[in-house]
Amino acid sequence: MRPYESYVYAYPHKTAYRPLDPRPRLKEVWAGERPGALYVHIPFCEMRCGFCNLFTRTGAPDELVTAYLDALERQAEQAREALQETGFTTAAFGGGTPTYLGAGELARLFDLTERTMGVDLARIPLSVETSPATATPDRLSVLAGRGTSRISIGVQSFVPEEARSAVRPQKRAEVDAALDAIRASGVPVLNIDLIYGIDGQTPRSWLYSLDTALGWRPEELYLYPLYVRPLTGLGKQGRAWDDQRLELYRTGRDHLLAAGYEQVSMRMFRLPGASTGDADYCCQTDGMMGLGCGARSYTSTLHYSFDYAVGARHVRSIIDEYVAQTDFTTANVGFALSPGERRRRHLIQSLLRAEGMSRSLYADRFGTDVLDDFPLAATFAGWLTIADTTITLTPEGLAYSDAIGPALFSPQVRALMDGYEAC
């Protein structure tokens with residue numbers, strides 16, 4: 001089994017979504033459901049990195065940003081009316097790059113989110129994504145002043161040649177200044193994203209990036225393998241990266257463990273005791289309300305979103321349609337989860353974390369034992385530790401998370417993903 005099939009950050013992936021017919025009203029979708037998480041999506045960046053396949057556009061003019069915030073407020077008001085409760089226990093602003101917004105626009109984003117959704121973002125864990133070019137003191141002052149508990153910044157590499165190879169144009173001085181400013185802001189949790197498998201990267205240069213990041217003693221680090229995806233800058237070059245990524249992963253994992261970090265998943269490493277305080281949120285059982293045209297929402301039985309795209313022309317078209325929209329009372333594109341798919345999602349969301357799956361939580365929710373529902377022992381022999389109460393991946397199993405996750409996809413989801421027309 002190859003170690004790098006795809007990153008499973010959600011199940012099912014948006015490429016398995018299809019237009020819903022009929023389109024259910026959100027009041028029906030959310031009846032009896034607990035939202036749990038609130039996610040707000042800002043689809044703007046100052047540049048598009050060569051590896052990026054996120055829903056985002058670059059160079060958005062001021063008037064489009066204003067129109068987007070107007071539409072976001074309309075959507076939030078109608079989403080709030082659909083919820084029977086707003087017991088959010090965690091929140092995130094993602095993108096794109098939320099700090100593409102100026103300080104005044106960020107303040108408006110906080111205001112409209114809190115007012116319309118009935119949530120005090122200073123009282124629950126709030127994570128915000130940023131970039132070296134936009135982590136400026138005035139923006140960070142807004143984030144810190146409004147109670148942001150975690151800031152995540154994509155650095156990818158501290159080696160200029162590697163950053164250019166990944167089509168990530170950035171100045172080292174700008175990166176250092178951004179990290180200094182985040183630390184000076186007082187936001188309690190700093191996460192730094194790094195990428196391994198970049199063309200020309202060596203174990204020595206990878207360790208240099210890791211040690212440089214450790215100089216800021218971030219509470220969290222995410223180590224991402226480079227993927228070359230269709231319609232990204234690197235994907236269009238027709239180049240390939242081999243299993244050197246696995247060697248670099250092991251080097252990075254062992255280095256961070258030796259530095260006192262604990263492994264949370266294949267990608268995530270955290271200082272013991274450092275937490276954003278989101279323990280009250282359970283991704284296996286709680287829902288998520290997503291706001292913004294690139295956001296995904298989910299309940300126990302339905303995942304939904306707006307149209308999905310990566311190519312610049314289609315992304316711009318979807319954003320233009322979103323800012324002109326006035327009716328946000330229905331779910332338009334999505335995937336309805338059967339009982340079997342709900343079991344499968346619970347398994348995937350649990351097993352790919354270092355703490356593994358609670359067999360009792362699964363049994364309480366579904367009335368069966370997970371080993372009776374899925375032939376895990378036979379399929380992943382040598383990569384699992386099966387105990388009476390838990391099922392966990394071994395260290396080598398965690399290393400193969402990007403193969404194990406996709407291997408657990410259902411035939412239906414695989415067929416839908418294969419039939420998706422990338423645009």
Side-chain angles (χ1 to χ4, degrees), residues 7 9-10 13-14 37-62 64-73 75-76 90-110 112-113 121 125-136 139-140 142-143 146 148-156 167-170 178 182 187 190-193 195 220 222 224 229 231-233 276 288-297 305-312 314-320 322-323:
Y7 173 26
Y9 63 88
H13 189 268
K14 275 188 178 181
L38 176 63
Y39 177 73
V40 183
H41 182 260
I42 304 298
F44 306 124
C45 287
E46 75 277 9
M47 62 180 179
R48 179 180 281 277
C49 303
F51 52 83
C52 177
N53 74 331
L54 299 177
F55 182 94
T56 186
R57 67 159 287 178
T58 59
D62 291 343
L64 178 59
V65 173
T66 298
Y68 185 84
L69 292 175
D70 291 343
L72 194 63
E73 188 162 14
Q75 184 192 6
T90 188
F93 293 166
T97 308
T99 50
Y100 182 89
L101 305 182
E105 293 164 334
L106 282 172
R108 184 189 173 194
L109 178 62
F110 274 90
L112 74 87
T113 302
L121 294 172
L126 170 65
S127 177
V128 180
E129 296 175 15
T130 190
S131 68
T134 62
T136 55
R139 293 177 170 99
L140 294 171
V142 174
L143 300 186
R146 301 299 291 263
T148 301
S149 53
R150 177 181 183 270
I151 290 179
S152 178
I153 182 169
V155 173
Q156 319 315 349
V167 196
R168 169 79 178 193
Q170 62 188 16
I182 293 171
V187 172
L190 164 64
N191 173 72
I192 298 176
D193 289 345
I195 286 180
E220 296 177 2
Y222 271 73
Y224 288 94
R229 296 179 172 97
L231 297 178
T232 65
T276 54
M288 181 171 75
M289 172 59 76
L291 303 176
C293 61
R296 176 177 60 95
S297 299
S305 67
F306 294 92
D307 285 336
Y308 173 70
V310 176
H314 292 92
V315 168
R316 292 188 177 209
S317 175
I318 293 171
I319 294 174
D320 289 344
Y322 175 81
V323 300

>> Using every non-hydrogen atom in the two residues, find where E129 and G95 come nearest and quote the distance to one decimal.
In response: OE1-N, 3.6 Å
>> Ignoring hydrogens, what is the shortest heavy-atom contact between F93 and Y39? Give both atom names and the distance.
In response: C-CE1, 4.5 Å
> Looking only at heavy atoms, which two atoms of R139 and L106 are closest? And how far apart?
Replying inline: CB-CD1, 3.8 Å
> Could you walk me through whether L38 and T113 pass the side-chain contact (heavy atoms from CB on, under 4.5 Å) check?
Replying inline: CA-CA 10 Å; L38 176 63; T113 302; 3.7 Å; yes
>> Less than 4.5 Å apart, side chain to side chain, heavy atoms only: is that true for R146 and L121?
In response: no
>> For a quick test of reading the model, state the closest non-hydrogen atom pair linking G102 to E105 and the distance between them.
In response: N-OE1, 2.7 Å
>> Return the CG to NZ distance between D307 and K14, rounded to the nearest 0.5 Å.
In response: 9.5 Å
> Which value, rounded to the nearest 0.5 Å, describes the distance between E220 atom CD and D193 atom CG?
Replying inline: 10.0 Å
> Which heavy atom in C293 sits nearest to a heavy atom in I319, and how many Å separate them?
Replying inline: SG-CG1, 3.8 Å
> Is L72 close to Q75 at the side-chain level, that is, under 4.5 Å between some pair of heavy atoms?
Replying inline: yes
>> If I compare all heavy atoms of I153 with all of P132, which pair ends up nearest, and what's the gap?
In response: CD1-N, 3.8 Å
> How far does CG of N191 sit from OG1 of T130, to the nearest 0.5 angstrom?
Replying inline: 12.0 Å
> Can you check side-chain contact (heavy atoms from CB on, under 4.5 Å) on F110 and L126, steps first, answer last?
Replying inline: CA-CA 11 Å; F110 274 90; L126 170 65; 3.4 Å; yes
> At what distance, to the nearest 0.5 angstrom, does CG of D70 lie from CZ of R108?
Replying inline: 4.5 Å
> Could you state the interatomic distance from OG1 (T148) to CG (L140), rounded to the nearest 0.5 Å?
Replying inline: 9.0 Å
> Are H41 and F306 close enough that some pair of their side-chain heavy atoms sits under 4.5 Å apart?
Replying inline: no
>> Quick one: does any side-chain atom of S297 pair with a main-chain N or O of M289 as donor and acceptor, under 3.5 Å?
In response: no
>> What's the separation between atom CD1 in I192 and atom CD1 in I151, rounded to the nearest 0.5 Å?
In response: 11.5 Å
> Using 30° and 60° as the class limits, which term best fits the ring planes of Y7 and Y224: parallel, tilted or perpendicular?
Replying inline: perpendicular
> Aromatic rings F44 and Y68: how do their planes relate, parallel, tilted or perpendicular, breaks at 30° and 60°?
Replying inline: perpendicular
> Passes side-chain contact (heavy atoms from CB on, under 4.5 Å), T99 versus L143? Steps please.
Replying inline: CA-CA 9 Å; T99 50; L143 300 186; 4.0 Å; yes
